[in-house]
Amino acid sequence: MDSLSAEAGLSAAADLIAGAERLVVFTGAGMSAESGVPTFRDTLTGLWARYDAGELATPEAFERDPALVWGWYEWRRELVERVRPNAGHEAVARLDCTVVTQNVDDLHERAGSKKPIHLHGSLFAPRCSGCGKPADAPAVGGAGGEGPRTPPSCRFCQSLVRPGVVWFGETLPVAALEGAVEAAAGADVLITVGTSGVVYPAAEIPQVTAKRGGAVIQINPQPTPLDPFCAVNLRGPAAGVLPEIVR
Ligand code: APR
């Protein structure tokens, strides 16, 4: 995109947002990248470099090696606790909108967004892998470091505690998915930020708005399969572009 069309895109997006009556912001891992949280497509570093994030995020992986998977999520949780919301999260928090996120971090909440819908669960809501009852997250800074960690046992049934996130092959929380579809269907404008748009059913959310005649604005440095559904494609980073279009 040349600078003139980039400018026109920013201004078209700002106008759509200013005129929106029912606005939804839909976010993925790229939203938190500039806070220092690696996306799922980034190559992992350190001890995790020999693993693929997609392989750690499955029920089979947890069954095979619970300490490896629990250690990976605890490492991510501790990382998220150390970082801060970026200028993109802050711009979203200034909007009167429904936030629907695939992210399992709490950066939207910490920036001030009210009750974001978490389609893929949360790093901060571990539960029992057997009876499903909520469990307490271990104190941060306990075992520490990278690498495998033995998950705690449930205090009710002694099964292993698992991360409260949605893994590949698992169904999304019904209330969250219904709430997201309802918001997207009713939205006249939806901003999709930092998602590769390849993981379903979440990737359906911006398409719901587009198919109902709403305008979709996309913010992503890279093209994605969602491009054809978007009225405006802004190729740039969340923390740079969002403050520019939220006036
Ligand atoms: N600003 C905006 N977008 C960015 C930035 C940035 N600074 N940096 C990277 N991106 C974009 C990438 O171009 C990519 O399209 O963010 C996207 C990240 O893609 P994924 O890592 O696939 O993240 P996401 O789409 O959220 O993944 C969906 O897959 O692994 C599962 O459950 C997990 O919720 C996750 C889901």
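Counting starts at 1 for both ligands and their atoms, in listed order. Heavy-atom basis, side chains included; hydrogens, waters and symmetry copies ignored.
- The residue from Arg94, Glu90, Met31 that alone fulfils the side-chain contact (heavy atoms from CB on, under 4.5 Å) condition with Leu242 is Met31.
- Counting only distance, with no hydrogens or angles, the side chain of Thr209 and the backbone of Ala184 share a donor-acceptor pair below 3.5 Å.
- Partners of Glu55 according to the salt bridge (Lys or Arg N to Asp or Glu O under 4.0 Å) rule, which considers only residues two or more places apart in sequence or in another chain, do not exist here.
- Residues Arg235 and Asp227 are paired through a salt bridge, judged by an N-O separation under 4.0 Å between the basic side chain and the carboxylate.
- One finds a salt bridge joining Arg162 and Glu170 here, because a Lys/Arg side-chain nitrogen approaches an Asp/Glu carboxylate oxygen to under 4.0 Å.
- Residues Gln218 and Thr224 bring a donor and an acceptor atom of their side chains to less than 3.5 Å of each other.
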For ligand 1, run through the N/O pairs with the protein that fall under 3.5 Å and put one pair on each line.
unit_1   : atom_1 : unit_2 : atom_2 : d
ligand 1 : 1 (N)  : Gly30  : O      : 3.4
ligand 1 : 1 (N)  : Ala238 : N      : 2.9
ligand 1 : 7 (N)  : Glu34  : OE1    : 2.9
ligand 1 : 13 (O) : Asn220 : OD1    : 2.8
ligand 1 : 15 (O) : Asn220 : ND2    : 2.9
ligand 1 : 16 (O) : Gly194 : O      : 3.2
ligand 1 : 21 (O) : Phe40  : N      : 2.8
ligand 1 : 21 (O) : Arg41  : N      : 3.2
ligand 1 : 22 (O) : Arg41  : NE     : 2.4
ligand 1 : 22 (O) : Arg41  : NH2    : 2.9
ligand 1 : 22 (O) : Ser196 : OG     : 2.6
ligand 1 : 25 (O) : Thr195 : OG1    : 2.7
ligand 1 : 25 (O) : Ser196 : N      : 2.8
ligand 1 : 25 (O) : Ser196 : OG     : 3.1
ligand 1 : 26 (O) : Ala29  : N      : 2.8
ligand 1 : 32 (O) : His120 : ND1    : 3.2
ligand 1 : 34 (O) : Gln102 : O      : 3.2
ligand 1 : 34 (O) : His120 : ND1    : 2.7

